[in-house]
*Asks:* 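Supplied in structure tokens, the structure appears directly below.
Each chain gets a letter, A, B and so on, in the order its sequence line appears, and its residues count up from 1. All values below were derived from every heavy atom in this structure, side-chain atoms included, with hydrogens, water molecules and symmetry-related copies excluded.
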There are 2 protein chains.
Amino acid sequence: MSDTHPAIKKGRKFDQVVEGARIVFLRDGFEGASVDDIAREAGVSKATLYSYFPDKRVLFLEIAAQETRRQADAFEERMDENLSPDALLPNVGRKILDFILSDFGQAVFRIAVSESDRFPELGRKYYESGPALVTKRLSQYLASCTARGELAIDDIELAAEQFAELCKVRVQSMRLFQACCDIDDSEKQKVIDGAVHMFLCCYGVRK
Amino acid sequence: MSDTHPAIKKGRKFDQVVEGARIVFLRDGFEGASVDDIAREAGVSKATLYSYFPDKRVLFLEIAAQETRRQADAFEERMDENLSPDALLPNVGRKILDFILSDFGQAVFRIAVSESDRFPELGRKYYESGPALVTKRLSQYLASCTARGELAIDDIELAAEQFAELCKVRVQSMRLFQACCDIDDSEKQKVIDGAVHMFLCCYGVRK
DNA sequence: GTTAAACTAAACTGTTGAGTTCAGAAATGC
DNA sequence: GCATTTCTGAACTCAACAGTTTAGTTTAAC
């Protein structure tokens, strides 16, 4: 059996369908997206679309699962545990912040918030593959710093979540609610510096 | 002219309509809510509803405006500027956290996130009457502390936003994405204590 | 008790969108 | 070439929902 791919798919336009759905769902949400829109965006007939997916709901869940995986990939890289906090935290902060502000990060967040009522699993998966994953990786790093005596942290998981949260200051809601034109680089840097400074102030060991 | 009320309303069931719309919109969002649902919930006929509001959109905006006002009221009380930070901040933290976790706070946030694309003004109003208002009040207080020499803060607005953000640690996303059964009181207290401790660590003056 | 305003219930219109069907065209395998 | 699978497109069903209309009922003011 020369099956290269898992199982279910069996047509040449499968990927087109998925890609079209991705674009439209991320742009318009579940209700907002119409199947006709998706088919048009995918350059595919409705019948073809329905030959792959039994209904809109299943298609949506497929996309959502795929996107949470994609989200997880963006954070899966292990951090260099040997770097000192004041060298590594700014990079981590920048990465978190850039993700939050990216079109992709915004879209996924918006979808997760507004559809996690209709699809309870979606909210949990988003959380696991996003915020929870970040703080897990960060916790591991902070633990090794603490072990080395570079940081003095009591509740490591709380500390990790605090740092991640501090990186969202100002920018998250501003972007989310279009409360401001846009966030320039110096603004971002201010937030990251603030987060790192506050964190090290609290958990850093005096030299 | 013995007009007691502004202008537009002119029937006895006006308040019922608004109340019904409030319940259904906050529960189901704009698309999710049907006008028939609202009329049923309000105990009113559809014709009556349409005698007050020209269409669903206007009704929604009315509710949204009302709810952002309600949200603002929850934070409008001025803080006692004479209290020391370690006495006042825990109370502020508790208030923020309780609001975030309340059904009302959750519902309004969810609506703001998912409908601020369809109704651009809504997002901004939500932001102004919620997060922005909190940090504004908090900034005033922090400024007076700094003036008294009780705190040493460089960028006051940033500090205010940092404190508010620290109060959302863990609980905000957990509740939002139903990632955990529920948040008990000791958990809340841990988050607040963590926020206050971190904040004072960074901005408190050494005694 | 009369009258006018507010309200009701239910049927109606028009639209939109999910999902189906099918006759035929295009690609693919051999 | 020929056969099979995949895809098309357009027309279709069906249900939900926004908004309207109407004939008739309730409320309340005087």
Side-chain angles (χ1 to χ4, degrees), chain A residues 1-64 111 114-115 117-119, chain B residues 1-64 111 114-115 117-119:
Chain A
M1 320 291 171
S2 61
D3 267 358
T4 39
H5 278 299
I8 320 152
K9 69 175 274 188
K10 48 193 155 176
R12 9 180 191 121
K13 307 220 167 170
F14 185 88
D15 293 345
Q16 280 181 51
V17 172
V18 170
E19 176 60 11
R22 202 181 70 78
I23 292 168
V24 179
F25 276 136
L26 286 190
R27 190 186 58 211
D28 301 337
F30 179 76
E31 281 282 9
S34 86
V35 176
D36 293 83
D37 278 358
I38 293 172
R40 199 175 312 116
E41 179 70 41
V44 137
S45 81
K46 234 170 132 185
T48 301
L49 188 155
Y50 275 103
S51 77
Y52 292 132
F53 297 95
D55 60 32
K56 189 186 177 187
R57 226 176 145 274
V58 171
L59 176 56
F60 179 75
L61 287 173
E62 171 64 28
I63 303 300
I111 295 280
S114 48
E115 306 300 348
D117 209 48
R118 194 193 317 267
F119 305 101
Chain B
M1 319 292 170
S2 60
D3 268 359
T4 39
H5 279 296
I8 321 150
K9 68 175 274 187
K10 48 191 160 187
R12 357 171 203 129
K13 307 217 167 171
F14 185 88
D15 293 345
Q16 280 181 51
V17 171
V18 170
E19 176 60 11
R22 203 182 68 78
I23 291 170
V24 178
F25 277 136
L26 286 191
R27 189 186 59 209
D28 300 335
F30 179 75
E31 281 281 11
S34 86
V35 177
D36 293 82
D37 278 358
I38 293 172
R40 200 176 312 118
E41 180 69 42
V44 138
S45 81
K46 238 169 129 184
T48 301
L49 188 155
Y50 275 103
S51 77
Y52 292 131
F53 297 95
D55 60 32
K56 189 187 176 186
R57 223 175 148 276
V58 171
L59 176 55
F60 179 75
L61 287 173
E62 171 65 29
I63 303 300
I111 295 280
S114 48
E115 307 299 348
D117 208 48
R118 195 193 315 269
F119 305 101

*Asks:* What is the separation between atom CG on B/Leu59 and atom P on D/dC17, rounded to the nearest whole Å?
*Replies:* 16 Å
*Asks:* Are B/Phe53 and B/Phe60 near enough that their ring centres are under 6.0 Å apart?
*Replies:* no
*Asks:* Base, sugar-phosphate, or nothing: which does B/Gly43 touch, judged by heavy atoms less than 4.0 Å apart?
*Replies:* sugar-phosphate
*Asks:* Do you know the tightest heavy-atom contact between B/Ala33 and B/Ile38?
*Replies:* CB-CD1, 4.5 Å
*Asks:* Between D/dC17, C/dT21, C/dG19, spot the one nearest the side chain of A/Lys46, thanks.
*Replies:* C/dG19
*Asks:* Calculate the interatomic distance between A/Asp55 atom CG and D/dA15 atom P; express it in whole Å.
*Replies:* 17 Å
*Asks:* For A/Arg40 and C/dG17, what is the distance between atoms CZ and C1' respectively, to the nearest whole Å?
*Replies:* 12 Å
*Asks:* Rounded to whole Å, how long is the line connecting atom CZ of B/Phe25 with atom C1' of D/dA18?
*Replies:* 12 Å
*Asks:* Among D/dT22, D/dG19, C/dC7, which nucleotide has an atom closest to any side-chain atom of B/Tyr50?
*Replies:* D/dG19
*Asks:* Just to confirm, is there a sub-4.0 Å distance from OP1 or OP2 of D/dC7 to any side-chain nitrogen or oxygen of A/Lys13?
*Replies:* no
*Asks:* Of the nucleotides C/dA6, D/dC7, C/dT8, which has the atom closest to the B/Tyr52 side chain?
*Replies:* C/dA6
*Asks:* Under 4.0 Å, counting only non-hydrogen atoms across every strand here, what does B/Ala33 touch: a base, just sugar-phosphate, or nothing?
*Replies:* sugar-phosphate
*Asks:* Output the single nucleotide from D/dT26, D/dC7, C/dG17 whose closest atom is nearest the side chain of A/Ser34.
*Replies:* C/dG17
*Asks:* Side-chain donor-acceptor pair under 3.5 Å between A/Ser45 and A/Thr48, yes or no?
*Replies:* yes
*Asks:* Return the value, rounded to whole Å, for the distance between atom CG of B/Asp36 and atom C1' of C/dT8.
*Replies:* 14 Å
*Asks:* From the options D/dT8, C/dA9, C/dG19, select the nucleotide whose nearest atom is closest to the side chain of A/Ser45.
*Replies:* D/dT8
*Asks:* Test side chain to side chain contact (heavy atoms under 4.5 Å, CB included) on B/Asp55 and B/Val58; report intermediate values, then the result.
*Replies:* CA-CA 6 Å; B/Asp55 60 32; B/Val58 171; 3.3 Å; yes
*Asks:* Could you check how far CD of A/Glu31 sits from C1' of C/dT16, rounded to whole Å?
*Replies:* 12 Å
*Asks:* Considering only D/dC7, C/dA9, D/dT27, which nucleotide approaches the side chain of B/Arg12 most closely?
*Replies:* D/dT27
*Asks:* Nearest whole Å is fine: how far is D/dG9 P from A/Leu49 CG?
*Replies:* 14 Å
*Asks:* Starting at CG of B/Asp37 and ending at C1' of D/dG19, how long is that distance when rounded to a whole Å?
*Replies:* 15 Å
*Asks:* Are A/Arg27 and A/Glu41 packed together at the side-chain level, in the sense that at least one heavy-atom pair is separated by less than 4.5 angstrom?
*Replies:* yes
